[in-house]
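See structure below.
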Amino acid sequence: MAPVTDARREREGLCDTALAVGPDAPTLCRGWDVRDLLVHLLVRDSRPDVALGSAVPPLRGRSELVLSRLREQPFTQLVEGVRSGPRGPLRLSGVDELVNRAEFFVHHEDIRRAQDDWRPRRLPGAETHALWRTVRLMGRVAYRQAGTGVVLVTPDGPRAVVRSAEVAVSLTGEPGDLLLHAFGRRSRARVEVGGQPAAVQRFLDRYPADDDPLGEPG
């Protein structure tokens, strides 16, 4: 029996949460309800030709037709399509874990944290450590325009400098919240920005707390 990876656990959780809140429930992704988010994930898993159509004008019409048909699917069928997992090389657990762990964690929280009654959840220790490794890498890209140094800090001690400068701000939170902050979900990420007032203000001017993310993480 194949091991249950973080990517698979988040995929299953996302699908269960989607069924619980329904197709028209909001998400943290600008302009997307839950149905839209599931269509995005289904395309990402199994229809790279449709994703390509958004960037290649001659293919755009066909891509829009496929997207329209996916949106018209019964909601339970759409959920089970996402639950069944990716096709091709992404089905390999190692590849799936590498490509989809952060993707499905972020999108699961996109659904959860858009609901009025959301609560933080306790993640398995191994997943927390993996998300910490991811945000240490992604933070270097996410905060490249910060105008200050940026140090990531977790409550239990680990720290990581993701942008060096003479004056720095600290971002303190659990690894999952730090990852959500880096991916633009700042209004719902439980992250405290600390440091000299001028540096904090400069950082917040670049990365406002009420930022509204696009659908795709990053």
Side-chain angles (χ1 to χ4, degrees), residues 6-45 50-51 54 67 70-71 75 78-79 81-83 86 99-124 127-128 130-132 134-139 141-146 150 152 154-155 162 171-193 203-218:
D6 295 336
R8 168 49 63 180
R9 189 183 302 107
E10 290 295 342
R11 183 186 291 270
E12 292 284 353
L14 182 150
C15 290
D16 291 344
T17 301
L19 288 173
V21 301
D24 301 320
T27 74
L28 297 184
C29 302
R30 186 189 313 156
W32 283 7
D33 58 19
V34 171
R35 183 187 296 276
D36 295 322
L37 179 51
L38 290 174
V39 167
H40 160 73
L41 292 172
L42 197 58
V43 166
R44 186 177 183 277
D45 274 343
V50 175
S54 63
L67 288 171
L70 288 174
R71 292 188 185 100
F75 184 60
L78 193 57
V79 172
V82 173
R83 194 189 297 275
V99 173
N100 283 326
R101 177 197 287 119
E103 176 86 9
F104 274 83
F105 170 78
V106 171
H107 280 322
H108 189 186
E109 293 301 309
D110 280 337
I111 299 175
R112 293 185 66 258
R113 299 191 186 208
Q115 314 313 312
D116 291 338
D117 59 349
W118 81 274
R119 296 290 184 274
R121 58 190 172 113
R122 184 178 294 277
L123 300 176
E127 183 175 0
T128 297
L131 294 177
W132 173 240
T134 300
V135 75
R136 283 160 51 194
L137 294 174
M138 294 305 302
V141 177
Y143 301 118
R144 63 187 181 277
Q145 303 295 329
V150 179
L152 306 181
T154 62
V162 295
L171 306 182
T172 303
E174 296 291 344
D177 282 282
L178 291 170
L179 186 64
L180 290 169
H181 192 280
F183 278 150
R185 279 69 174 170
R186 293 184 282 276
S187 64
R188 299 297 174 92
R190 294 190 167 188
V191 171
E192 180 180 349
V193 183
F203 179 86
L204 292 177
D205 287 343
R206 302 286 179 89
Y207 301 95
D210 60 351
D211 195 34
D212 187 16
L214 297 171
E216 185 68 13

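For the single chain, residues carry numbers from 1 onward in sequence order. The figures that follow rest on heavy atoms only: side chains count, while hydrogens, waters and symmetry mates do not.
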*Evaluate side chain to side chain contact (heavy atoms under 4.5 Å, CB included) for His108 paired with Cys15, printing each intermediate quantity in order.*
CA-CA 8 Å; His108 189 186; Cys15 290; over 6 Å; no
Salt bridge present between [X] and [Y] (N-O < 4.0 angstrom):
X      : Y      : result
Arg121 : Glu10  : yes
Asp16  : Arg83  : yes
Asp177 : Arg113 : yes

Do the side chains of [Y] and [X] get nearer than 4.5 Å, heavy atoms only?
X      : Y      : value
Pro23  : Asp33  : no
Glu109 : Leu28  : no
Leu171 : Val193 : yes
His107 : Asp110 : yes
Leu178 : Leu131 : no
Val82  : Phe104 : yes
Glu192 : Pro155 : no
Tyr207 : Gln145 : yes

Kindly give the heavy-atom pair with the smallest separation between [X] and [Y], and that separation in Å.
X      : Y      : result
Ala114 : Pro26  : CB-O, 3.4 Å
Arg112 : Thr17  : CG-CG2, 4.1 Å
Arg190 : Pro120 : NH1-CG, 3.3 Å
Ala18  : Val79  : CB-CG2, 4.5 Å

_Sequence-distant partners of Thr134, side chain to side chain contact (heavy atoms under 4.5 Å, CB included), two or more places apart_ = Ala102, Met138, Leu179
*Under the side chain to side chain contact (heavy atoms under 4.5 Å, CB included) test, which residues partner Ala25, sequence neighbours left out?*
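Scan of Ala25 (side chain to side chain contact (heavy atoms under 4.5 Å, CB included), adjacent residues dropped) gives Val21, Val34, Gln115.
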Would you confirm whether [X], through its side chain, and [Y], through its main-chain N or O, come within 3.5 Å as a donor-acceptor pair?
X      : Y      : answer
Arg186 : Pro208 : yes
Thr27  : Trp32  : yes
Arg71  : Arg35  : no
Asn100 : Glu103 : no

*In terms of ring plane angle, is the pair Phe203 and Tyr143 parallel, tilted or perpendicular, where the classes change at 30° and 60°?*
tilted
*List for me each residue that meets side chain to side chain donor-acceptor pair (under 3.5 Å) alongside Asp6, sequence neighbours excluded, and say none if there are none.*
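Applying side chain to side chain donor-acceptor pair (under 3.5 Å) to Asp6 gives Arg9, Arg101.
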*Supply the atom-to-atom distance Leu37 CG to Ile111 CD1, rounded to the nearest 0.5 angstrom.*
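Going from CG on Leu37 over to CD1 on Ile111, the span is 5.0 Å.
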*Evaluate the criterion side chain to side chain contact (heavy atoms under 4.5 Å, CB included) for residue pair Leu38 and Leu14; output intermediate values, then yes/no.*
CA-CA 9 Å; Leu38 290 174; Leu14 182 150; 3.7 Å; yes
